[in-house]
Amino acid sequence: MFRIDLSDSDVAEAGALVASLAERYRTVEDPAFVRDATIIAHELPRALRAGLTEFRLTEPHPLCVVGGYRIDDAGIGPTPAHWKDCGGEGRPTLAEDLFFYLCASLLGDPIAWSTQQDGRLLHDVFPIKEHQYEQLGSGSEELLTWHIEDAFHPMRTDYVGLMCLRNPDGVNTTYGSLEGVDLPADVVEVLRQERFPIRPDRSHLAANRQNDEEDEQLRRLRDRSYEWISGLDANPEPIAVLFGPQEDPYLRLDPYFMEVPASDPEAAAALDAIVKAIDANISGYALKPGEVLFLDNYRGTHGREPFKARFDGTDRWLTRLNIARDLRKSRAHRRSADARTIY
Ligand SMILES: NC(=[NH2+])NCCC[C@H](N)C(=O)O
Ligand SMILES: O=C(O)CCC(=O)C(=O)O
Ligand SMILES: [Fe+2]
């Protein structure tokens with residue numbers, strides 16, 4: 001994987017920047033911070049800016065880990081029980097959130113889904129009791145099967161950022177890719193065709209809707225998004241699994257939510273072949289507190305190994321950002337040029 005390890009002076013520099021920002025902004029969701037972040041990110045240490053720019057431009061590996069940021073485990077407080085109770089202002093993780101958001105801003109612009117975690121930009125990923133056996137980031141007992149994030153969605157993220165706040169049992173994030181894989185040309189050809197129906201994963205379904213918007217218009221927009229999602233759930237749209245460069249194609253799949261109709265055995269065999277090829281090369285990485293992982297969501301799949309959650313405030317806790325390289329791709333689904341929520 002591609003690593004950027006901050007030196008002691010880098011860490012001190014980033015820490016001072018974040019401390020001064022924590023006096024000006026109360027949450028990374030503050031529209032003023034969202035607008036300023038791109039500019040402020042230029043004040044991060046040069047080695048970090050150079051590393052993330054290299055990762056973005058040369059695509060050296062599907063994963064980039066930024067190491068060195070220090071977390072005061074007592075300072076961030078207990079791991080919450082549900083994301084619905086811990087978003088926005090007053091988070092004890094403000095410094096970590098700011099650092100993470102600034103790093104992300106060097107790769108692109110964070111985006112929010114109206115249908116995920118109350119439309120927040122910054123998501124929390126920790127085990128939730130009612131989700132133990134679900135294929136959700138908030139699950140625990142089951143292997144979170146590998147996937148391209150939001151693979152069903154035409155405006156899915158270019159990068160998934162995960163910042164580790166705590167990971168006491170060293171639970172692995174898994175990852176896979178086509179690196180070193182040589183799929184037969186006819187299989188690749190089939191995978192490049194729109195023959196693979198995919199359903200939205202459950203994190204976007206209305207069943208996981210929580211606090212709702214006060215604003216009538218926003219609520220109606222959100223209703224429409226949920227309707228679109230449930231329409232896709234009932235009638236999955238066929239997508240292409242591979243796209244982009246001929247030699248080293250980009251990926252779009254979440255096999256758990258894909259089923260090829262019996263009428264297309266050729267597509268079924270091709271999907272089976274790529275799933276097996278990726279399965280054969282799965283690796284794992286246990287994030288350490290303070291580390292930030294950026295996954296190139298075109299180049300690599302990811303998931304999470306199962307673990308025993310404690311539900312006592314000491315559980316594994318990550319934060320997550322979705323980052324778009326080009327906001328304009330989703331302009332028709334956002335309310336203004338610089339709005340971040342996709343409806
Ligand atoms: N194969 C899967 N489990 N896909 C769904 C991934 C989890 C989803 N991204 C979430 O936020 O919870
Ligand atoms: O928990 C992890 O390491 C990965 C979580 C994930 O893939 C997700 O939330 O979509
Ligand atoms: Fe994911």
Side-chain angles (χ1 to χ4, degrees), residues 1 62-63 65 79 82-84 111-128 130-153 155-177 196 198-205 207-210 229 232-233 236 241 251-259 271 275 278-279 282-289 291-309 315-323:
M1 81 181 52
L63 269 72
V65 172
T79 304
H82 199 292
W83 49 257
K84 69 177 194 276
I111 47 168
W113 299 113
S114 66
T115 49
Q116 255 192 354
Q117 299 206 10
D118 291 341
R120 281 158 44 188
L121 281 162
L122 184 81
H123 294 166
D124 285 297
V125 178
F126 44 59
I128 296 177
E130 308 86 83
H131 297 169
Q132 275 176 90
Y133 299 97
E134 299 261 5
Q135 281 297 318
L136 291 169
S138 48
S140 48
E141 293 283 338
E142 306 275 340
L143 170 77
L144 184 70
T145 62
W146 57 255
H147 53 279
I148 290 292
E149 194 75 359
D150 305 309
F152 73 98
H153 207 294
M155 288 162 275
R156 69 199 169 282
T157 190
D158 287 278
Y159 302 99
V160 182
L162 295 171
M163 179 168 197
C164 179
L165 299 176
R166 60 170 60 101
N167 189 8
D169 300 317
V171 174
N172 273 339
T173 298
T174 61
Y175 60 95
S177 73
F196 305 88
I198 184 165
R199 290 193 299 135
D201 72 71
R202 299 190 54 82
S203 66
H204 287 269
L205 297 186
N208 283 307
R209 191 171 182 164
Q210 294 287 340
I229 299 271
L232 270 186
D233 193 40
V241 165
L251 292 163
R252 179 180 183 187
L253 74 169
D254 184 343
Y256 190 91
F257 294 96
M258 295 167 84
E259 207 173 326
L271 183 62
V275 167
I278 293 177
D279 263 332
I282 292 292
S283 311
Y285 184 73
L287 282 163
K288 294 171 209 50
E291 283 184 335
V292 175
L293 167 64
F294 291 108
L295 298 150
D296 186 331
N297 201 39
Y298 278 33
R299 304 255 291 123
T301 65
H302 67 279
R304 189 218 60 241
E305 287 181 357
F307 65 105
K308 188 102 217 136
D315 271 317
R316 182 175 190 262
W317 183 7
L318 315 180
T319 47
R320 181 174 74 191
L321 287 168
N322 288 308
I323 308 148

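What you see is a predicted model, and the numbers here were worked out from it, not measured in a lab. Order of appearance sets the numbers: ligands from 1, and atoms from 1 within every ligand.
Here CD of E134 is found 5.5 Å from CZ of R202. Values are rounded to the nearest 0.5 Å. To the nearest 0.5 Å, atoms NE2 (H147) and CZ (R304) are separated by 9.5 Å. Remark: M163 CE to W317 CH2 distance equals 11.0 Å, nearest 0.5 Å.
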Hey, what polar pairs (N/O, under 3.5 Å) does ligand 1 make with protein?
from: ligand 1; atom 1: 1 (N); to: T145; atom 2: O; distance (Å): 3.3
from: ligand 1; atom 1: 1 (N); to: T145; atom 2: OG1; distance (Å): 2.9
from: ligand 1; atom 1: 1 (N); to: D254; atom 2: OD1; distance (Å): 2.8
from: ligand 1; atom 1: 1 (N); to: D254; atom 2: OD2; distance (Å): 3.4
from: ligand 1; atom 1: 3 (N); to: Q135; atom 2: OE1; distance (Å): 2.8
from: ligand 1; atom 1: 4 (N); to: D254; atom 2: OD2; distance (Å): 2.8
from: ligand 1; atom 1: 9 (N); to: E149; atom 2: OE2; distance (Å): 3.0
from: ligand 1; atom 1: 11 (O); to: R320; atom 2: NH1; distance (Å): 2.9
from: ligand 1; atom 1: 11 (O); to: R320; atom 2: NH2; distance (Å): 3.1
from: ligand 1; atom 1: 12 (O); to: G137; atom 2: N; distance (Å): 2.7

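The atom name of the N/O/S atom in H147 closest to the Fe ion (ligand 3) is NE2.
Within the 3.5 Å criterion, the main-chain N or O of T174 finds no donor-acceptor partner in the side chain of N172. Under the 3.5 Å distance criterion, the side-chain polar atoms of D315 are left unmatched by any main-chain donor or acceptor of A309. Of the possible donor and acceptor atoms, none in the side chain of N322 sits under 3.5 Å from a partner among the backbone N and O of T157. At least one donor-acceptor pair closer than 3.5 Å links the side chain of Q117 to the backbone N or O of D124. The backbone N or O of F257 sits nowhere less than 3.5 Å from a side-chain atom of D201 that would complete a donor-acceptor pair.
A cation-pi arrangement is absent between R299 and Y175 under the rule of less than 6.0 angstrom and at most 45 degrees off the ring axis.
Numbered from 1 in the order shown, with element, the atoms of ligand 2 that lie under 4.0 Å from a heavy atom of L318 read 1 (O), 2 (C), 3 (O). Within ligand 2, counting atoms from 1 as listed, the ones closer than 4.0 Å to a heavy atom of R320 are 8 (C), 9 (O), 10 (O). Within the listing of ligand 2, atoms 7 (O), 10 (O) sit less than 4.0 angstrom from a heavy atom of H147. Those atoms of ligand 2 with a heavy atom of E149 less than 4.0 angstrom away are 10 (O). The distance from ligand 2 to the heavy atoms of G137 drops below 4.0 Å at these ligand atoms: 9 (O). Near T173, the atoms of ligand 2 lying under 4.0 angstrom from a non-hydrogen atom of the residue are 2 (C), 3 (O).
Looking at R316 against ligand 2, only its side chain comes within 4.0 Å, counting heavy atoms. Looking at L136 against ligand 2, nothing comes within 4.0 Å, counting heavy atoms. No part of L287 comes within 4.0 Å of ligand 2, judged by heavy-atom distances.
Comparing G284, A286, G303 by heavy-atom distance to atom 4 (C) of ligand 2, the nearest is G303.
Minimum interatomic distance between S140 and P127 (heavy atoms only, all atoms of both residues): CB-CB, 4.1 Å. Taking all atoms of both residues into account, the shortest heavy-atom contact from R252 to A151 is NE-O, 2.7 Å. Closest approach of E141 and P306 over heavy atoms only: O-CB, 3.2 Å.
The protein heavy-atom contact nearest to atom 6 (C) of ligand 2 is L144 CD2, 3.5 Å.
Aromatic rings from H204 and F152 are positioned such that their centres are separated by under 6.0 Å.
Angle NE2(H302) to the Fe ion (ligand 3) to OE1(E149): 90° [nearest 10 degrees].
Of the N or O atoms in N172, none lie within a sub-3.5 Å distance of an N or O in ligand 2.
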